[in-house]
A.B. asks: 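To start, I am sharing the structure in question, which I have written as structure tokens.
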There are 2 protein chains.
Amino acid sequence: MPADKNIELTISDRHASAPPKAAKKILDVAYDLFYRRGIRAIGVDEIVKRAGVTKPSLYRSFPSKDELAASYLRQYDREYWERFDEAVAAHPGDPRAQIIALLTRVGKRTQKPDYRGCGMTNAAVEYPERGHPARVVSEDNKQELRRRLRAMAAAMGAQDPDTLGDGLLLLIEGAYISGQLFGLGGPAQSVARNADLLIEASLKK
Amino acid sequence: MPADKNIELTISDRHASAPPKAAKKILDVAYDLFYRRGIRAIGVDEIVKRAGVTKPSLYRSFPSKDELAASYLRQYDREYWERFDEAVAAHPGDPRAQIIALLTRVGKRTQKPDYRGCGMTNAAVEYPERGHPARVVSEDNKQELRRRLRAMAAAMGAQDPDTLGDGLLLLIEGAYISGQLFGLGGPAQSVARNADLLIEASLKK
DNA sequence: ATGTATACGTACCGATCGGTAACATTGTCA
DNA sequence: TGACAATGTTACCGATCGGTACGTATACAT
């Protein structure tokens, strides 16, 4: 279930009704294409064609393709933390169970046939140049992920919370990547089990 | 120290001397540009310009840009296993020490200022379509990595060698990716420490 | 010197890239 | 009805994409 809330705060919050419809269709289509096939691989022509709109419509709502990509990632970011918070909320006050729930879900997603990894991670690989609009969003997302994982490791009572938090991040990123590299039956299916072992070895005795 | 052995078996092994010099320059330049800035981001025009040759020269030695990218990855593959075997050879008969040596080096490389991750991983992200020449090389490389890590986990006497091998792979891939995402001081610097903890927790007691 | 093979360069191809100018059409609310 | 905003239409821009037709330079063997 993709992009169904507001498009961009600056667009939808004008006077509480009837934001441009074209912008939403464009962003929905761009979201799907960028995620599945990559940002560089998709041209604006294909986006407008599949969205049933024209190019000027795209450039009225988004200043450039790069900014459209950044908008796609901001949308991805919202849904990312929704999923995150959902797993956390399922085990209130139990950070270890939260992590395991989170990683179990990630592991399951990576085993779906056409899994394509994390949109954030992929975008950062596609745009190595510092300061690129898409990369900025991606880096912010990862910084926040690191912050949360370290905080959760501390709440678990790890001997070295920063090391455990970073170790969990490495496992997660490894799952994102190897999920799209190996497909079904790949190493990503064991991410939760390995995280559990790592946590066990990292707690104060 | 880049690409200084043979270019392509099919080129250099013609009659044991004087293979086209242009092909080597092209592959060297392509290697550098593809790795640092991405394959899709680099056009053939830039490659031939920086190599000081012309486009027809490129297409006499390589049937297409995609195949040039595949050649780049085959070269990367050779150097990859050279580094791997080097770390292994430093600790004969001690798989755990081999892994730690390996991951210590990976962790160090990820902390270099302009670290750009694993060329194989990056190529697979850039080319999600199955069967793409570049992706095929990348997938083969990863399969082999998984095979070796599982074998080493078994040699260590892990309770569940496949799970430990896969866990190590997840940590390694996580290090490749987060190395280029976070730069200096990122989570990748702790990959060896986390691997050691994971190994400790995975051995038979 | 002349044939033959190989490597290289000039110049070009059609397609697509991201992006825009100018204008016509629609729907909505006053 | 009039005004305005959103969208559509058509046609175009210069740049770059991957790739090639075709002539030329060099080397070596006869």
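Here is how names work: the chains are called A, B, and so on, in the same order as the sequence lines, proteins then strands, and each is numbered from 1. Values below: every heavy atom of this structure, side chains too, minus hydrogens, waters and symmetry copies.
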A.B. asks: Salt bridge or not between B/D45 and B/K49? Use side-chain N to carboxylate O under 4.0 Å.
C.D. replies: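 Salt bridge between B/D45 and B/K49, a charged N being under 4.0 Å from a carboxylate O: no.
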
A.B. asks: Should A/D66 and A/R135 count as an ion pair when the cut-off is N to O under 4.0 Å?
C.D. replies: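 So A/D66 does not pair with A/R135 through a salt bridge.
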
A.B. asks: To the nearest Å, how far apart are A/D66 CG and C/dC17 C1'?
C.D. replies: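 Result: 13 Å.
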
A.B. asks: Distance check needed: C/dG9 C1' versus B/K25 NZ, whole Å only.
C.D. replies: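 Rounded to the whole Å, the gap is 13 Å.
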
A.B. asks: Select one nucleotide: of C/dT10, C/dG19, D/dG8, the one nearest the side-chain heavy atoms of B/T54.
C.D. replies: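 For B/T54, the side-chain atoms sit closest to C/dT10.
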
A.B. asks: Let's see if you can work this out: which of C/dG18, C/dG9, D/dG8 has an atom nearest to the side-chain heavy atoms of A/V53?
C.D. replies: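 The answer is D/dG8.
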
A.B. asks: Using a cut-off of 4.0 Å on non-hydrogen atoms, how would the nucleic acid contact of B/I42 be classed: base, sugar-phosphate, or nothing?
C.D. replies: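 Sugar-phosphate contact only - B/I42 comes under 4.0 Å of backbone atoms but never of a base.
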
A.B. asks: Figure out the NZ/P separation between B/K49 and C/dC8, and round it to whole Å.
C.D. replies: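 The distance from NZ of B/K49 to P of C/dC8 comes to 20 Å, rounded to the nearest Å.
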
A.B. asks: Rounded off to whole Å, could you give me the CD-to-P distance for the A/E67 and C/dG18 pair?
C.D. replies: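 The distance from CD of A/E67 to P of C/dG18 comes to 15 Å, rounded to the nearest Å.
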
A.B. asks: Assign each of A/A41 and A/P63 to its nearest nucleotide of DNA chain C by heavy atoms, then name whichever residue's nucleotide is nearer the 5' end.
C.D. replies: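 With A/A41 and A/P63 compared, the 5'-side residue is A/A41.
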
A.B. asks: Is any side-chain N or O of B/R60 under 3.5 Å from a base N or O of C/dG9, one able to act as donor and the other as acceptor?
C.D. replies: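 Present.
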
A.B. asks: Considering only C/dG19, D/dT9, D/dG18, which nucleotide approaches the side chain of A/K65 most closely?
C.D. replies: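 Nearest nucleotide to the side chain: C/dG19.
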
A.B. asks: Atom CZ of A/F62 and atom C1' of D/dT7: how far apart are they, to the nearest Å?
C.D. replies: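 Answer to the nearest Å: 14 Å.
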
A.B. asks: With distance as the sole test, does B/Q98 use its side chain to make a donor-acceptor pair with the main-chain N or O of B/A87 at under 3.5 Å?
C.D. replies: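 Side chain of B/Q98 to backbone of B/A87: no pair is present.
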
A.B. asks: Compare the minimum distances between each of C/dG9, C/dC17, D/dG19 and the side chain of A/D45, then state the nucleotide with the smallest one.
C.D. replies: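 Of all the options, the side chain of A/D45 is nearest to C/dC17.
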
A.B. asks: Please pick, from D/dT9, C/dG18, C/dC8, the nucleotide with the shortest atom-to-atom distance to any side-chain atom of B/S57.
C.D. replies: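 Of the candidates, C/dC8 comes closest.
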
A.B. asks: Using whole Å, what does the distance between atom P of nucleotide D/dA6 and atom CG of A/L58 come to?
C.D. replies: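 Answer to the nearest Å: 16 Å.
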
A.B. asks: Apply salt bridge (Lys or Arg N to Asp or Glu O under 4.0 Å) to residues B/E46 and B/R37 and explain how you reach the verdict.
C.D. replies: CA-CA 12 Å; B/E46 185 164 359; B/R37 294 169 47 197; 2.9 Å; yes

A.B. asks: Could you tell me whether the phosphate oxygens of D/dG19, OP1 or OP2, come under 4.0 Å of any side-chain nitrogen or oxygen in B/K55?
C.D. replies: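 It does not, given that no N or O in the side chain of B/K55 lies less than 4.0 Å from OP1 or OP2 of D/dG19.
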
A.B. asks: Taking the minimum atom-to-atom distance to the side chain of A/S64, which one of C/dG19, D/dG8, D/dG18 wins?
C.D. replies: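 Selected nucleotide (nearest to the side chain): C/dG19.
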
A.B. asks: Send over the distance from A/I26 CD1 to D/dT7 C1', rounded to a whole Å.
C.D. replies: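 These atoms are roughly 10 Å apart.
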
A.B. asks: Has A/Y59 got a side-chain N or O lying under 4.0 Å from the OP1 or OP2 atom of C/dG19?
C.D. replies: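 Yes, such a contact exists.
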
A.B. asks: Nearest-Å distance, NZ (A/K21) to C1' (C/dT28)?
C.D. replies: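 In whole Å, C/dT28 C1' and A/K21 NZ are 13 Å from each other.
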
A.B. asks: Under a 4.0 Å N-O cut-off, is there an ion pair linking B/D166 with A/R193?
C.D. replies: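 Judged by the 4.0 Å cut-off on N to carboxylate O distance, B/D166 and A/R193 do not form a salt bridge.
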
